[in-house]
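To keep things clear, I will list the structure first and then write my remarks on it.
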Number of protein chains: 2
Amino acid sequence: MDTKERLIESTRELLWERGYVGTSPKAIQQRSGTGQGSMYHHFRGKPDLALVAITRSAEELRDRAEAVFSGPGTSIERITAYLRRERDALRGCPVGRLTQDPDVMADPELRCPVEAVFAWLRVRFTGALTEARENGEMDAALDPAATATALVAVLQGGYVLARAAADPQVYALAVDGALSLLAVHAH
Amino acid sequence: MDTKERLIESTRELLWERGYVGTSPKAIQQRSGTGQGSMYHHFRGKPDLALVAITRSAEELRDRAEAVFSGPGTSIERITAYLRRERDALRGCPVGRLTQDPDVMADPELRCPVEAVFAWLRVRFTGALTEARENGEMDAALDPAATATALVAVLQGGYVLARAAADPQVYALAVDGALSLLAVHAH
DNA sequence: GTCTATAGTAAGATAGAC
DNA sequence: GTCTATCTTACTATAGAC
């Protein structure tokens, strides 16, 4: 991995662990094993580097979700697979955590990839649920868009509760609860 | 409001808006209209003041929830009332946002009130759902603890999605989706 | 491309006057 | 109790040598 790449990956890690406000150029340089010179040669500054890192994390989230949603199984099976996908619950979501960062939300450029990937994810979930309803896998009384948003919220909120409890099983419990609610409405 | 009180309230606001890492003593002093002298007279430092502020925010969350859960209506009605309670979705949860703060989570003292209030809230929800199940208001196939955790997660995740979309209606949509899933239907 | 030197601003806190 | 002065370290970045 070359220097530029190490800078990006180190930034991704630090943004995940400490957020944008809590990540200093110095910390990025130390983790990546580079000096100031390298960082400011490859990037204009912290916001520029962060934009590349955030964009990549958002793409990764999207790609991993797309792999599940375009995979095998019925609509409900694919949704279940996505919800149950192995995750490090205590680390939380590398993109979702950025919504709590005031400097990220205040900067239209940094905010854009965050906004876009969650909009995409909700639409993807909505599509799968619409399919499920058409195939008779889901109660026709449920609104796909509202249900999709609730399910994605369970994931993001599950991270919050798991971190609050310092227990990854709390995340699993939230997912179990959501899937059981969905199962009650299966046909 | 005296000086000490202004310091606490200003800190609560800033922790809500910017988190612990993003809140400096200087910012607290400016918002509260006090000087360094006052802050360091009333508190040992930033962590000490933050502990008082976090504890108060957690108590407030608890009191407001307790008011709804011990209020009138059936179990499901009270749960619905709590989920639909008026909230400023884009501001997020003043306590939940702290779970994303590395310095809060790393300090056992600061972490404690956050952990405690969410543990309490999940138990309170679980109790209400257990009641609901006994009264036939909820499908007997649902586990109260898992369902409770999922519902609290929808709130916390709803904030995340609303902030990502810069749209409070996304929060409302998540809540709608969750309540529809909870609603008992004629099967 | 990477290194060191440098610099202005802010963070977080202490000391002592009033 | 509050104010101002002071201190050390960190943040974020620029300049110029190599």
Side-chain angles (χ1 to χ4, degrees), chain A residues 1-56 97-98 100-111, chain B residues 1-56 97-98 100-111:
Chain A
M1 199 157 50
D2 67 4
T3 302
K4 186 174 181 179
E5 196 58 26
R6 285 208 312 281
L7 282 164
I8 297 170
E9 289 302 313
S10 297
T11 302
R12 295 216 301 144
E13 289 174 19
L14 284 163
L15 288 178
W16 196 351
E17 294 167 20
R18 304 193 44 83
Y20 182 83
V21 168
T23 297
S24 68
K26 191 182 175 186
I28 294 169
Q29 291 150 25
Q30 286 177 338
R31 180 163 304 203
S32 62
T34 65
Q36 280 113 318
S38 296
M39 176 176 151
Y40 286 100
H41 170 75
H42 292 290
F43 302 96
R44 281 190 304 277
K46 176 177 161 179
D48 185 37
L49 173 49
L51 177 59
V52 174
I54 292 171
T55 301
R56 183 177 294 182
R97 80 109 57 225
L98 298 173
Q100 301 304 316
D101 208 300
D103 290 4
V104 171
M105 290 296 101
D107 182 333
E109 283 209 90
L110 296 180
R111 180 206 177 75
Chain B
M1 199 159 48
D2 66 4
T3 302
K4 185 173 181 179
E5 197 57 27
R6 285 209 312 282
L7 282 163
I8 297 171
E9 289 302 313
S10 298
T11 303
R12 294 216 301 143
E13 289 174 19
L14 283 164
L15 288 179
W16 196 350
E17 294 168 20
R18 303 194 43 84
Y20 182 82
V21 168
T23 297
S24 69
K26 191 180 176 187
I28 294 169
Q29 291 150 25
Q30 285 177 341
R31 180 163 306 204
S32 61
T34 65
Q36 280 113 320
S38 297
M39 175 174 152
Y40 287 101
H41 170 74
H42 291 291
F43 301 96
R44 282 192 302 276
K46 175 177 161 179
D48 186 37
L49 173 49
L51 177 58
V52 174
I54 293 172
T55 300
R56 183 178 293 183
R97 78 108 60 227
L98 298 173
Q100 301 303 319
D101 207 302
D103 291 4
V104 170
M105 290 294 102
D107 181 331
E109 283 209 88
L110 296 180
R111 181 207 176 73

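Quick note on labels: first sequence line is chain A, next is B, and so on, each numbered from 1. Quick caveat, the model's predicted, so the values are computed rather than measured.
First and last contacts of DNA chain D with chain A, using any nucleotide atom under 4.0 Å from a protein heavy atom and ordered 5' to 3', fall at dC11(D) to dT14(D).
Taken from CH2 in Trp16(A) to CD in Gln100(B), the straight-line distance is 12.0 Å, to the nearest 0.5 Å.
Remark: P of dA13(C) and CG of Leu49(B) are 10 Å apart, rounded to the nearest angstrom. Straight-line distance from the CZ atom of Phe43(B) to the C1' atom of dG12(C): 16 Å, rounded to whole Å. As rounded to whole Å, 11 Å separates atom C1' of dG12(C) from atom CD1 of Ile28(B). Between the CG atom of Asp103(B) and the P atom of dG12(C) there is a distance of 9 Å, given to the nearest Å. Distance Asp48(B) CG to dA13(C) P: 10 Å, rounded to the nearest Å. dT6(C) atom C1' lies 14 Å from atom OH of Tyr40(A), rounded to whole Å. One can place NZ of Lys26(A) at 17 Å from P of dT6(C), the figure rounded to the nearest angstrom.
Judged purely by atom type and a 3.5 angstrom limit, Thr23(B) uses its side chain to pair as donor or acceptor with the backbone of Leu14(B). With Lys4(A) contributing its side chain and Phe43(A) its backbone, the two residues share no donor-acceptor pair below 3.5 Å. Of the possible polar contacts, none joining the Arg31(A) side chain to the Ser10(A) backbone as a donor-acceptor pair under 3.5 Å is found.
Checking Val21(A) against Gln36(B), the closest nucleotide of DNA chain D that is more toward the 5' end is the one next to Gln36(B).
Scanning both residues, Leu110(B) and Pro47(B), for their nearest heavy atoms gives CD2-O, 3.7 Å.
Across the helix from dG1(C)-dC18(D) to dC18(C)-dG1(D), the helix axis at one end is tilted relative to the axis at the other end by 0° (nearest 10 degrees, each axis from five pairs).
Pairs passing the salt bridge (Lys or Arg N to Asp or Glu O under 4.0 Å) check and including a residue from residues 18-30 of chain A, sequence neighbours excluded, read Arg18(A)-Asp103(B).
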Item to check | side chain to side chain contact (heavy atoms under 4.5 Å, CB included) evaluation trace for Met105(A) with Tyr20(A) | outcome: CA-CA 10 Å; Met105(A) 290 296 101; Tyr20(A) 182 83; over 6 Å; no

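In summary, Arg6(B) and Glu9(B) do not engage in a salt bridge, as defined by a charged side-chain N under 4.0 Å from a carboxylate O.
Within 6.0 Å of the CD atom in Glu109(B), the count of heavy atoms belonging to other residues, nucleotides or ligands does not exceed 12.
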